Structure formats: structure tokens, C-alpha cells
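Reading through the C-alpha cells given below for one structure.
Per chain, numbering begins at 1; letters A, B, ... match sequence-line order. None of these values were measured; they are calculated from a predicted model. Values reported hereafter were calculated over all heavy atoms of this structure, with side chains retained and with hydrogens, waters and symmetry mates removed.
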2 protein chains.
Amino acid sequence: MREATLTEIKSIARRHLVEHGVAGVSLRAIAREMGMTAPGLYRYVPGIDALLVAITADMFDELADTVAAADASAPAEDTELRLHIALRALRAWAITHPAEFSVMFGPSSRLDLEADITPALEAGRRFASTFFSLCDRLIREKDIPLPADEEIGPELTAELRSFADTVGLSAHAMPTGAALVLTRCWIRIYGVVCMEVFQHLGFVVTDMEPFFESELQDLMTGLGVRYIPIEHMGRPVTDAPG
Amino acid sequence: MREATLTEIKSIARRHLVEHGVAGVSLRAIAREMGMTAPGLYRYVPGIDALLVAITADMFDELADTVAAADASAPAEDTELRLHIALRALRAWAITHPAEFSVMFGPSSRLDLEADITPALEAGRRFASTFFSLCDRLIREKDIPLPADEEIGPELTAELRSFADTVGLSAHAMPTGAALVLTRCWIRIYGVVCMEVFQHLGFVVTDMEPFFESELQDLMTGLGVRYIPIEHMGRPVTDAPG
DNA sequence: CGCTGTTTGCTAACGGTGTTCACTTAAGCG
DNA sequence: CGCTTAAGTGAACACCGTTAGCAAACAGCG
């Protein structure tokens, strides 16, 4: 079966990624391990760049599934708890899959600049939508203090509206202030997780979890949402089923 | 002169980095351009990894110089303005040097895991100290609202104290609460700049500057410092002299 | 059955990479 | 002058991505 071969290729590529870093992913090594030669792989994959894009898309899907599974493990009505769980699941996946996270969220250093990365972009969009719906829900339920439209500034407003439009949310569904606090929160989560995975404070800090939790707490209280410490959460779900 | 040859090697490597990405830096290409052969470079550099580490260290020094020069262009007493200028200089350098920023602040994907990256780490420390002294000055002058020691939590306190110690600041020079707000601010700046340079919102946002400014404003007001918009700043210094 | 067309994988080859080793050349110096 | 040391070279090894041409297997069909 053709499908199975492609799956095997991607699975071996993925393993080489986590074991030897993105630089250690090579068509020749994959072919060697499969008992065939490198040119044969070109029947399944148009090149190394496309293969990396493909597994990146797969990893976005996997991360989205992981976060969704964690989210689903909480009572559907408890939006606040679900947000805590989803964000912690994101961090947990990131630090247990640093190689994957690096190619997904780091600079696309290996891909050719003219490579077609749309599949990975699509999958990234699907991943983001998980958090969009959670935040949308939160804003709809709770009375989150949102900045008024007048105090946002024209350039920022334009960017936020184009952002919301691309995501597919009208000004009615998502006010500009909501888009602003959403991106602000995402920037902070992104920052603290990147910092941990890229080991940017690695030589001076041993465990970044307290920083993540501190950021989470500051974020939640800033949103008028109660912060739920880890201990009061029950066993967190850290991986997708299957 | 031996020193000059090494400088030329690093300068060509740097140009290849910005023109073709980190994957486009190769000893053979550098040697070709210098009119010699690749093994000859081994008289000056122990290998490609060490060369990348060396130019990374240089780039940290350059960034530190750029930020310091921008900082020095403001009145020494106006700490608030200096902080604005320094942070904007950081962003300006980052977005005008995306390839450099990626190897400095992104995942170290190309370096061998057992490579000796201490020179780059040292230079990164020197870069960070620029901001440490500015923040130290700010905390000393203004009455920044700092979280009390009791409300920080034992794990976080331990990390923060070890952090301050490594940087060389005692509990007297830098209270735990100060270290916390400092790292929190750094996380947010790091997050928004990484997001811009790595083009993480690139398909949905055209200009990240409003987001950076919004983050800067929120950050400053949270610190009890007045936010100074770009227009009220005079011409910003965006690069080092020479 | 035999004849086609397609799929699959191969070998060979080209040009690129990092790195090591043995060697020559040149410079400096007592 | 002779000796030592540094600088650079060429050949070689083991990798890499990619292309071109070819052979075998397989499917469908008359």
C-alpha cells in the first residue's frame, strides 16, 4: 500500500528529527533504514523540504489533538479550568517534544525560502483555532475587561481587524479589544514556552515551570479569571490518546 | 596577519548567513571565495560548529553595542526614555537582522549537541547585562510596585535567587520581586520580537510594530512608568556607529 | 494468453558538504 | 646556511540532495 509507505517514511523522519535534530533528517538515511535507496523515496516525496513540511503539518495536528484531548478531559462548562488545562498541555507537549517544537515554532532555517509551506501553515491554523474557540467562549461567558475601541490606535486596530478576518471572525463575533487581549496572551505564552524550549535561560535557570505558572497566573488574574494552581487540578492530561 | 584572516573568514561567513541562511554557511564556500581550499581554514578555525559559535558571539557583541549606543544617545538621567530607546533598538536590530537573530535567539538546530558554545553564552551574558543595569537603575530610582517576597512561592523564589546570583547580584542589590518583574518583562519582549522575526503571525499580520508598541506600553504602565510613544522621542538610533 | 501502460525501485552520476592525512612551500631565525 | 614552524594544498573518505535512464513487476484489456 502506497499510503503505508509514506507513513513509514514520515515516521522514520520524525524519529531522526527527535534523535539527531532537524539537521539529522536525510533522505539517504531514511532510505537506508527502509532497505531501499534514496532516489526511490522520490516516488513518495518530492524532496527533503516537502518531507519536512509534511511532518511539520503532522506535528501541528498532533499538538492540536493533544491540546484538544486535554481540554476535553475537563467539564465542558468550566471554561476557566479548560483554559488552564489546555495551556499547560501546550507547555507539556512543547518541553517533551523540543525538536518538534523547534521546527514548528522556531525560525524556518532549513527550509528553502521558496519552499511551499502551505500544508504546515494550514495545520498551524487548525491548531490555533483550538485556542480561539476557548477564548471566544471565555469572552462570551465571563465579563473580561476589554480595552475600548477608541483607546487602541488606528494601526493596531487595522492589524487586529485583518487578523480577526483571516481567522474568520467578524467584528461582531470578536471585538477589536478581544483580539488584542487574545494576541497579548498568546505572545506571553509563546514567549515563556519558547524561552524554555530554546533554553534561553538554560544556563541560569534549572526549571522554567515556576516562571510559566507565574506568567499564567498573572495572565489569568489580568483577565479577571481565577488562577487555578496545578495541585487543585487533578492529574493533568499530557498526551493524546492512541 | 593571522588575526586579519580570521576576521575575513568570519566576515564572509556572516555575509553568507544573511544571504543564504544558516544552512548556507559552509567552509568550502568561504574558502572558495577567499581563493583557498577548505582544509586551509582549519588553520584558523577548528570546524564549522566553532565558526558558527564564534560569529554568534560576535553578533551578540554587536547587538549589545547597538543597544548601548542607542541608550547612550539619550540623557543619562532619563531612565524611562533610555529604557524605551534601548528596547526599540533591540527590536529594530532584530527585524533588520533576522538571520542573525534566528541563530542567536532561536533553537540551536545546526550546532552539534556536544559543541562548545560557551563563547556565545558569554557574549549573550554581556548583552543581557546592558538591560540589567538599566532595570537596576530604574528600580533604584522609581518606586516600581514589586511583589512581596511572601507572595512569590518557594520554587520560583529559588529560581529567581539562583538567577540573580549567577548574574552577580545579591539579594540586597536585587530583591526577589525585582528579579521576577525583570524576567516577566524580558519574557514579553522576547515573545513579541521572536514572533515578529520568526514570522509566526506573518500570514495574518503585515506589521508587528503596533503589537510591539502595545506590549511596550502595557509593560511600562504596569511598572508605573509613563509610556513614551515613538513620535515623542526624536529620531531613534537603530544601529551602532562605524 | 499476450500486449500494453503504469508504477516502483534501481544504478550511475553530478555537485555539494565536513573532515583528516600526508605533503609541499615559505618564512623566520640562530 | 640549516633547521623549525606555520600555512596551504591535493587526495581521499563519508556523507548529503537530486536527476536521468533503465529494468522489473504489476494491472488492465483485447
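- M1(A) has its CE atom 11 Å from the P atom of dT8(C), to the nearest Å.
- Across all their heavy atoms, S73(A) and A70(A) have their closest contact at OG-O, 2.6 Å.
- F105(A) and F60(A) have their aromatic ring centers within a separation under 6.0 angstrom.
- Between E196(A) and V205(A), every side-chain heavy-atom pair lies at or beyond the 4.5 Å cut-off.
- Defined by atom type and a distance below 3.5 Å, a donor-acceptor pair is present between the side-chain atoms of R184(A) and S214(B).
- Aromatic ring pairs are classed by plane angle as parallel below 30°, tilted from 30° to 60° and perpendicular above 60°; the pair W93(B) and H97(B) is parallel.
- Distance NE2 (H16(B)) to P (dG18(C)): 11 Å, rounded to an integer number of Å.
- As a whole-Å value, the separation of L6(B) CG from dA7(D) C1' is 14 Å.
- Contacts with DNA chain D (heavy atom under 4.0 Å) in residues 26-44 of chain A: S26(A), L27(A), R28(A), A29(A), R32(A), A38(A), P39(A), Y42(A), listed by number.
- When the P atom of dT7(C) is taken as reference, atom CD of E3(A) falls 15 Å away, rounded to whole Å.
- The closest side-chain heavy-atom distance from S102(B) to V197(B) is below 4.5 Å.
- Between L51(B) atom CG and dT19(C) atom P the separation is 10 Å, expressed in whole Å.
- In terms of phosphate contacts, R2(A) brings a side-chain nitrogen or oxygen within less than 4.0 Å of OP1 or OP2 of dT8(C).
- The interatomic distance linking I48(B) (CD1) with dA14(D) (C1') rounds to 17 Å, in whole Å.
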